[in-house]
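Below is one structure, written out as structure tokens; comments come after it.
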Protein chains: 2
Amino acid sequence: MTDDDDDDFDLDLFLPYLLNQAAEAAGRDFQAVYKARYGIGRSEWRVLFHLGQDGPLTAKEIASRAMMHKTKISRAVAALAVRRFLTRERSETDRRCEHLHLTPAGQAAYRDLRREAARYDARLVSRFAPEESAQLRTMLRRLSGAR
Amino acid sequence: MTDDDDDDFDLDLFLPYLLNQAAEAAGRDFQAVYKARYGIGRSEWRVLFHLGQDGPLTAKEIASRAMMHKTKISRAVAALAVRRFLTRERSETDRRCEHLHLTPAGQAAYRDLRREAARYDARLVSRFAPEESAQLRTMLRRLSGAR
DNA sequence: CCTTGTTAGTTACAAAATCAACCATTAGCA
DNA sequence: TGCTAATGGTTGATTTTGTAACTAACAAGG
């Protein structure tokens, strides 16, 4: 029998592990920015960005784009509404769902953080060659199940 | 002024976001395996793997390798001890720390999950060319701050 | 020895995530 | 119509995680 105790596995090369470590490391500092500047958490940040980028959306639409659970969305939206970063407008055609709009304050926060995100991203990929980072993004998208 | 509303930023290309999505997607199915099979969570799994791979370690050593906070380690170790996957042995030379050993049951679980992990990893990278996935791992390591 | 400081690890409490149950509304269809 | 099922969204209970404060042991300098 081949040695059962030593097949070719190295934890430090295990992809889910690597991805977690990298995601955590990459997210930490940026998280500190939006937390310190607007007192919001990750869910709130995501909702803010999706709304800022893709116009008014319903909670359901955000959930499917961000692959977030609906309770997270619900609470994030509530928190952003308290901060007057968005307004909810019940749909006329289907009164179950509501369209979420960023207020001017919300848009301002979005633009500010987007600028910050762009700089942060640039700093992250500065260690790589341009076509390397492009390929990295492509591969990550594929892993995310994106098309 | 250049249009403030449209600098070149796309959320779906933002690295921390991509990394999170990919990490979540990649981790989900494997998490289901060790959860269903041994009823342990991510922290427990990590501790188990570090111990299985790098022999007896103290909590501190695991923390530095896995970049996990010590409270997570502490709880994960406690949970694994309850399941009799490891034993704690107080150090003679420094009675603050304890050396953590996997029990035979712990080693069996480790080997089983390692095998599973290897297969899982292989399946993940099967979508990429071999040198692509190698490069991916390298870049992720760099992002994690690893040397 | 006795401070003072540091380190390994645990515990207590707050914030966040998960899960299930729950309205209100709409859709399918007899 | 009127029944049932499904959907968008919220809420509450439970668990998980993160943050501080804490204990116990060591270390260094007086």
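Excluded from the calculations below are hydrogen atoms, water molecules and symmetry mates; all remaining heavy atoms, backbone and side chain alike, are included. If you're wondering where the values come from, they're calculated on a predicted model, not measured in any experiment. So that the names make sense, note that chain A is the first sequence line, chain B the second, and so on, each numbered from 1.
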Between C1' of C:dA8 and NZ of B:K72, the distance in whole Å: 19 Å
Value in whole Å for how far the P atom of D:dT10 lies from NE2 of A:H69: 13 Å
Sugar-phosphate or base contact per nucleotide [nucleotides 9-15 of chain C; S, B, -; heavy atom under 4.0 Å]: BBBB---
Listed partners of B:R65 passing salt bridge (Lys or Arg N to Asp or Glu O under 4.0 Å), at least two apart: B:D54
B:R37: partners by salt bridge (Lys or Arg N to Asp or Glu O under 4.0 Å), with sequence neighbours left out: B:D112, B:E116
Rounded distance (nearest 0.5 Å) linking atom CE of B:M68 with atom OG of B:S74: 10.5 Å
B:R42 atom CZ: more than 12 heavy-atom contacts under 6.0 Å: no
Listed once per pair and sorted, the ring pair (Phe, Tyr, Trp, His ring centres under 6.0 Å) pairs that draw on residues 114-136 of chain B, sequence neighbours left out: B:F30-B:Y120
Nucleic acid contacts - residues 15-29 of chain B versus DNA chain C, non-hydrogen atoms under 4.0 Å: none
Heavy-atom side-chain contact between A:L113 and A:R111 under 4.5 Å: no
Parallel, tilted or perpendicular: rings of A:H99 and A:H101 (30°, 60°): perpendicular
Terminal axes of the helix from C:dC1-D:dG30 to C:dA30-D:dT1 (five pairs each): angle between them, nearest 10 degrees: 10°
Which nucleotide in C:dT25, C:dA17, D:dT19 has an atom nearest any side-chain atom of A:R95: C:dT25
